[in-house]
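Reviewing the structure listed below.
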Protein chains: 4
Amino acid sequence: MAPKVSEEYKEKKRQDLLKSAMACFAEKGYQTATIDDIVTHSGMSKGAFYNYFSSKEEIYLTLLKQSVYLSFQKLREAIQSKETAKEKLKHVFDIYSNLDFTKKSIQNHRVQIEFWIIASRNDNLIDHMKTHAKVFHDFLIEIIEEGQKKSEFSKDIKSADVSEIFWAITDGLFLHMLVEKDEFPMKRLYQTAGKMILKYLEK
Amino acid sequence: MAPKVSEEYKEKKRQDLLKSAMACFAEKGYQTATIDDIVTHSGMSKGAFYNYFSSKEEIYLTLLKQSVYLSFQKLREAIQSKETAKEKLKHVFDIYSNLDFTKKSIQNHRVQIEFWIIASRNDNLIDHMKTHAKVFHDFLIEIIEEGQKKSEFSKDIKSADVSEIFWAITDGLFLHMLVEKDEFPMKRLYQTAGKMILKYLEK
Amino acid sequence: MAPKVSEEYKEKKRQDLLKSAMACFAEKGYQTATIDDIVTHSGMSKGAFYNYFSSKEEIYLTLLKQSVYLSFQKLREAIQSKETAKEKLKHVFDIYSNLDFTKKSIQNHRVQIEFWIIASRNDNLIDHMKTHAKVFHDFLIEIIEEGQKKSEFSKDIKSADVSEIFWAITDGLFLHMLVEKDEFPMKRLYQTAGKMILKYLEK
Amino acid sequence: MAPKVSEEYKEKKRQDLLKSAMACFAEKGYQTATIDDIVTHSGMSKGAFYNYFSSKEEIYLTLLKQSVYLSFQKLREAIQSKETAKEKLKHVFDIYSNLDFTKKSIQNHRVQIEFWIIASRNDNLIDHMKTHAKVFHDFLIEIIEEGQKKSEFSKDIKSADVSEIFWAITDGLFLHMLVEKDEFPMKRLYQTAGKMILKYLEK
DNA sequence: TATGAATGAGGCTTCATTCAT
DNA sequence: CATGAATGAAGCCTCATTCAT
């Protein structure tokens, strides 16, 4: 029997649910958001939800994978045109410091950090997270080591450590912004952190 | 007429519950851990729990105040003997980099970070958090400005921003350590971050 | 797209729950009857209950509105055919004195009286009650004043007071019947009260 | 061994608890008032409570008996000086219509009516209630029949029925007053009811 | 006797998931 | 495939009563 509906139709529904789920998890958090919230937001029925995802946890994980992947894609693309390692690094700082710190963007990050915490308690997830983390990590290491090769940066420095600190700052600042909200000078802080890192990297 | 049990007895029970609660929140998270988990862990009855705390939220908040208070106390004491601002800062870095990154200590931080996220969605809690945060923030600002006065550090630098970045690194590193666990070179990373900040502060 | 069950189906379930609730409240009282009692009586699940009513209080209020509404409807219909005010009043007395004082009917009144008491302690409910009471009150006042206009009744008498006393007798007799049960000559008492009131109204 | 404390001491404590219980039941109702409420109100301990009463139900019943007894005592005393049956009846009406309808007095009645309802569901209590009711009932019947003997009142009238109606009015009016509160013209209503009854009794 | 901490059954409500239509 | 009513386990909290001190 031929399928009753096209694959595109199904994929669209799936994406609708993912979007709604993201919106709900962002607003209320994983534990607090309910399946009802999600299906109400999406205008679909509960039955439909379970046709596409087998559980609340599954949609959550799907979301996680997708969202990490997407944000990494953006990052990589943005860098391509830059020549020197220093320029690339600066551009990464720029990207983060120029994110629109709208409610939606902040909530996205909240979900990511929450993911991180939940994953840290779940052996099945923790490897996923490590893998995701590694992607970002390697991306930065690559740039730094490129700079070291080209003698832009000091060779005495452990690239992995600087990368780690960079991502720590990123997550740490977002975490703090969640509480401080509007008054938080994210852009300035990010630029300061960028200067700090560059100063450290330079010979 | 006098109470039948001593104040010490009651305080001990209270602390027992706090300890159990911390263990459960650390293991399962605030939302997932149940009152039943806590009382089972403590060997007490549910009724007893409610003699000491009026709700799950209350014990959670108590825990946080206590843990924030304790860790700040340690920090302040540790600094006292140091003369220069630079030494003080270095010592702060040392303290954090020498924390015993045992399971327990890590879980403590997990609870703190988790709370941060929960609080960020709850207007009643957010002020608590800001207050706690300010304590640590002001502490660092004080040291940095002392260093600026004494001409140890550059006067062109916004002390509040450096403080913010320092705490962002702290929380960010802990967040990452939650996932990376044993392999995470927390000590080295912290020291690197310390050097980075000092280099930036110095003229 | 259309709902999978008909509106009639849902309305039937709702009415089933209302009936069960009435039975349980009547048997045990509002405070003592539990949601479990109600769902067990109705053969439904607890979850189903909460699909139809949002709380125990809500089903209770719904029940009361409904029962007040129904009994008032009956009253008003019964009166229509009568010509004179005196005949109307007599008919009201007749209706009450000929109620089937079965267990069920008595229990209905018990719930009403109980609710009266609960409402009297609850500012949110008290207005509901006043509104209900006013409906009955105005109904009687209208008849009495019609009788006064037509010179069937003395014009020196405050219609509102007689109405109040009539309803006081009604509730008072029901209250006593709750305890005296079978031996209580409700019919005769009601007729006596009717005579008493008519004698007082007549010039 | 001689008792450690005097009987008077114990009786005083008992009465204190009864007073507190009455206050709490009046304010919150039987089901809603807790043992904690009562002991807090009385300044005693829970243990003490259970030394004097074996359960919440017991103190409730004790209260009931006592309060019925006391109010009847007052009634009987008040009547003594009157000569004719009509005067006696009028005086009874006067007493009720001149009660201070303060909050406290109203709440007392609320508790009584609540008793009545609870008792009506409890076979063990229902006989108690009937006995109490009979005391009041017989009291009024006695007066009415005295009036019939002395030819003050019509002999065609069933004294028991008039008595029943009188008490129904009393309870009914109190019930309504609970909801209407301040605006309720209890005094005028009671006097109107008195006139109504007397008119009916007179030849 | 007095104290009040401890108990634990039981109440209300939520919500992920199932399944008949 | 879609619908949404039904399920029932599980969570939080209350409170009458007990009992060690």
Side-chain angles (χ1 to χ4, degrees), chain A residues 1 3-6 9-10 13 31-40 43-59, chain B residues 1-6 9-10 13-14 31-39 43-58, chain C residues 1-6 9-10 13-14 31-39 43-59, chain D residues 1 3-5 9-10 13 31-40 43-59:
Chain A
M1 252 197 300
K4 297 274 170 51
V5 300
S6 68
Y9 172 85
K10 282 169 68 177
K13 285 249 170 179
Q31 320 260 7
T32 307
T34 68
I35 301 283
D36 259 342
D37 290 331
I38 296 170
V39 298
T40 300
M44 297 168 74
S45 73
K46 262 201 268 220
F49 177 92
Y50 281 93
N51 279 339
Y52 292 99
F53 299 95
S54 66
S55 69
K56 186 173 156 183
E57 186 176 336
E58 200 210 306
I59 199 172
Chain B
M1 312 283 165
K4 274 300 178 244
V5 300
S6 64
Y9 171 88
K10 283 170 68 177
K13 284 260 172 174
R14 222 181 113 87
Q31 320 248 19
T32 308
T34 69
I35 301 281
D36 258 341
D37 289 333
I38 297 171
V39 298
M44 297 169 74
S45 72
K46 246 196 288 229
F49 176 92
Y50 283 96
N51 278 345
Y52 292 96
F53 299 96
S54 64
S55 68
K56 187 171 147 180
E57 183 175 332
E58 202 212 308
Chain C
M1 311 283 167
K4 273 300 178 259
V5 300
S6 64
Y9 171 88
K10 283 170 67 176
K13 283 261 171 174
R14 221 180 114 88
Q31 321 249 17
T32 307
T34 69
I35 301 280
D36 258 340
D37 290 332
I38 296 171
V39 298
M44 297 169 74
S45 73
K46 252 199 284 227
F49 176 92
Y50 282 96
N51 277 346
Y52 292 97
F53 299 95
S54 65
S55 68
K56 188 172 148 182
E57 183 175 332
E58 202 212 306
I59 198 172
Chain D
M1 255 201 298
K4 296 274 169 53
V5 300
Y9 172 86
K10 283 169 65 177
K13 285 248 170 177
Q31 319 258 10
T32 308
T34 67
I35 301 283
D36 258 343
D37 290 332
I38 296 170
V39 298
T40 300
M44 296 168 73
S45 73
K46 263 202 266 218
F49 176 93
Y50 281 92
N51 280 339
Y52 293 100
F53 299 95
S54 65
S55 69
K56 186 173 156 182
E57 185 176 337
E58 201 211 305
I59 198 172

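Naming: A, B, ... by sequence-line order, numbering from 1 per chain. All figures in this text were calculated on a predicted structure; none of them were measured in a lab. Below, all heavy atoms of this structure are taken into account, side chains as well, without hydrogens, waters or symmetry copies.
- Going from atom CZ of B:Arg14 over to atom P of E:dA6 covers 13 Å, rounded to whole Å.
- Each of E:dT17, F:dA2, F:dA6 was ranked by its minimum atom distance to the side chain of C:Ala48; first place goes to F:dA6.
- When heavy atoms are screened at a 4.0 angstrom cut-off, D:Thr34 is found touching the sugar-phosphate backbone but no base atom.
- In this structure, CZ of B:Phe53 is placed 12 Å from P of E:dA6, rounded to the nearest angstrom.
- Here the CG atom belonging to A:Asn51 is positioned 8.0 Å from the CE atom belonging to A:Met44, to the nearest 0.5 angstrom.
- With the nearest nucleotide of DNA chain E identified for both C:Gly47 and B:Gly47, B:Gly47 has the one nearer the 5' end.
- Residue C:Lys56 has no polar side-chain atom (N or O) positioned under 4.0 Å from OP1 or OP2 of E:dG11.
- Dashed line: the shortest gap from a side-chain N or O of D:Tyr52 to OP1 or OP2 of E:dA2 is under 4.0 Å.
- Considering CZ of B:Phe49 and OG of B:Ser55, their distance stands at 7.0 Å, rounded to 0.5 Å.
- Look at CZ on C:Phe49: it is 11 Å from P on E:dT14, rounded to the nearest Å.
- Nearest-nucleotide mapping onto DNA chain E: of B:Lys13 and A:Gln31, the residue sitting toward the 5' end is B:Lys13.
- Minimum interatomic distance between B:Lys46 and B:Val39 (heavy atoms only, all atoms of both residues): CA-CG1, 3.9 Å.
- To the nearest angstrom, C1' of E:dG4 lies 16 Å from CD1 of D:Ile38.
- Of the side-chain N and O atoms in B:Tyr9, one or more sit less than 4.0 angstrom from OP1 or OP2 of E:dA6.
- Taking only side-chain atoms of C:Ser45, from C-beta outward, the nucleotide of E:dA16, E:dG4, F:dT7 with the closest atom is F:dT7.
- Within the structure, every side-chain polar atom (N or O) of B:Lys46 is placed at least 4.0 Å from both OP1 and OP2 of E:dG10.
- Within 4.0 Å of D:Ser55, counting heavy atoms only, lie sugar-phosphate atoms of the nucleic acid but no base atom.
- Base pairing analysis places E:dA2 opposite F:dT21; the two distances defining the Watson-Crick or G-U wobble pair are each below 3.5 Å.
- Taking only side-chain atoms of D:Ile35, from C-beta outward, the nucleotide of F:dC12, E:dA2, F:dA16 with the closest atom is F:dA16.
- Between the CG atom of A:Asp37 and the C1' atom of E:dA16 there is a distance of 12 Å, given to the nearest Å.
- Within the structure, every side-chain polar atom (N or O) of D:Asn51 is placed at least 4.0 Å from both OP1 and OP2 of E:dT1.
- Rounded to a whole Å, the CG atom of D:Asp36 is 11 Å from the P atom of E:dG4.
- Atom pair C:Tyr50:OH and E:dT13:C1' shows a separation of 5 Å (rounding to whole Å applied).
- Side-chain atoms of C:Asp37 and C:Thr34 include a donor-acceptor pair closer than 3.5 Å.
- Atom-to-atom distance recorded for A:Glu58:CD and A:Tyr50:OH is 10.5 Å, nearest 0.5 angstrom.
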